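Notes for the one structure printed next.
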Amino acid sequence: MTASRLSVNVNAIAMLRNRRDLPWPSVTGLAAMAMDAGAKGITVHPRPDERHIRKTDVFDLAELLEERYANKELCLEGYPSPDFLKLVEEARPDQVLFVPDDPEQTTSDHGWQFDKDTSLLSEAIAASKDWAVTVSLFCDPDPAAPEHAAKLGAERIEIYTGPYGACHDDPALAAQELDKVVATAEAARSHGLGVNAGHDLTVDNIPALLARAPFIREMSIGHGFTADALIHGFADTVKRFRQAMGEV
Ligand SMILES: CC(=O)[C@@H](O)[C@H](O)COP(=O)(O)O
Ligand SMILES: NCC(=O)COP(=O)(O)O
């Protein structure tokens, strides 16, 4: 079976669970189902207000992967605050994605201003490397940006694909946004960075992206995945996304 690029983001499962003081739907149970179905791993974004993923979820998922899925990967996303870095140190995920989110942001909707955030990111990157955690930086679809990420010592970038995903009903604009994502991916590769992609990716918009940038190594997908899973179920949705990635 071809290696998978798919990391399933389970933020939305946690948001649904948090509606009641009950343990279902189970974040770890559905994460296990996704990995059993072929996902490469799980991504979570524990935001400061714990609106969805809680710190306890992070430790439960870290324990699940350590005990049952040693060949799968856990990715933590977050702003590199002292509290988040403490969580990274304690949970020791395989990868961390640093995002420039304010606590009150509705979702992640922009990449770093690398020239403005240099010292914050340099310290966070150095600490994460000490913990043997792969570092990825959230990056706007801007081909000038990856060089700065590389100079900061990041191993990967994750290209913010929200603007591309938002053009689901405008093919001409989608083509323009796709060009920006591809140019950014190619720039990242030219600077020796691994290339991830994420935000508002779907089975409909993934094929065109991978046709232009097949070297993208990981796609973390949550919102569109969860929407499809309500129709097709978790396991079949993993298969659908892996088919869209040309993996099965
Ligand atoms: C970094 C990114 O684009 C997404 O993982 C985002 O963090 C999702 O966060 P919410 O699920 O809180 O919208
Ligand atoms: N980093 C992107 C991610 O984890 C999921 O984003 P989305 O698919 O929920 O938009």
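Counting starts at 1 for both ligands and their atoms, following the listed order. Small disclaimer: the values here were computed from a predicted structure and weren't measured.
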Return the closest protein heavy atom for [atom] as residue, atom name and distance.
atom	answer
atom 9 (O) of ligand 1	R47 NH2, 3.1 Å
atom 2 (C) of ligand 1	H199 ND1, 3.5 Å
atom 5 (O) of ligand 1	E77 OE1, 2.5 Å
atom 6 (C) of ligand 1	S108 OG, 3.4 Å
atom 13 (O) of ligand 1	T107 OG1, 2.5 Å
atom 7 (O) of ligand 1	H45 ND1, 2.5 Å

Should D101 and H45 count as side-chain neighbours, where that means a heavy-atom distance under 4.5 Å? yes
Is the shortest side-chain N to carboxylate O distance from [X] to [Y] below 4.0 Å?
X	Y	answer
D83	K55	yes
D140	K180	no
R5	E247	yes
E155	K129	no

Pick whichever of N196, L201, N11 has a heavy atom sitting closest to atom 10 (P) of ligand 1. N11
Would you call the rings of Y160 and H199 parallel, tilted or perpendicular if under 30° counts as parallel and over 60° as perpendicular? perpendicular
Angle class for the F241/F225 ring planes (parallel below 30°, perpendicular above 60°, tilted otherwise)? tilted
Applying a heavy-atom cut-off of 4.0 Å, say which part of F138 lies close to ligand 1: side chain, backbone, both or neither. side chain
N9 and ligand 1 - part of the residue with a heavy-atom distance under 4.0 Å: side chain
Apply the hydrophobic cluster definition, ILVMFWY joined by side-chain contacts under 4.5 Å directly or through others, and give me every member besides L22. W24
Could you give the N/O to N/O pairs under 3.5 Å linking ligand 2 and the protein, each with its distance?
unit_1: ligand 2; atom_1: 1 (N); unit_2: E77; atom_2: OE2; d: 2.6
unit_1: ligand 2; atom_1: 1 (N); unit_2: E158; atom_2: OE2; d: 2.5
unit_1: ligand 2; atom_1: 1 (N); unit_2: S220; atom_2: OG; d: 3.0
unit_1: ligand 2; atom_1: 4 (O); unit_2: N9; atom_2: ND2; d: 2.8
unit_1: ligand 2; atom_1: 4 (O); unit_2: E77; atom_2: OE2; d: 3.1
unit_1: ligand 2; atom_1: 4 (O); unit_2: S220; atom_2: OG; d: 3.3
unit_1: ligand 2; atom_1: 8 (O); unit_2: G222; atom_2: N; d: 2.7
unit_1: ligand 2; atom_1: 8 (O); unit_2: H223; atom_2: N; d: 3.3
unit_1: ligand 2; atom_1: 9 (O); unit_2: H223; atom_2: N; d: 2.8
unit_1: ligand 2; atom_1: 10 (O); unit_2: D200; atom_2: N; d: 2.8

Side-chain donor-acceptor contact under 3.5 Å, [X] with [Y]:
X	Y	answer
Q95	R156	yes
T202	R240	no
E77	S108	no

Is ligand 1 less than 4.0 angstrom away from at least one heavy atom of H52? yes
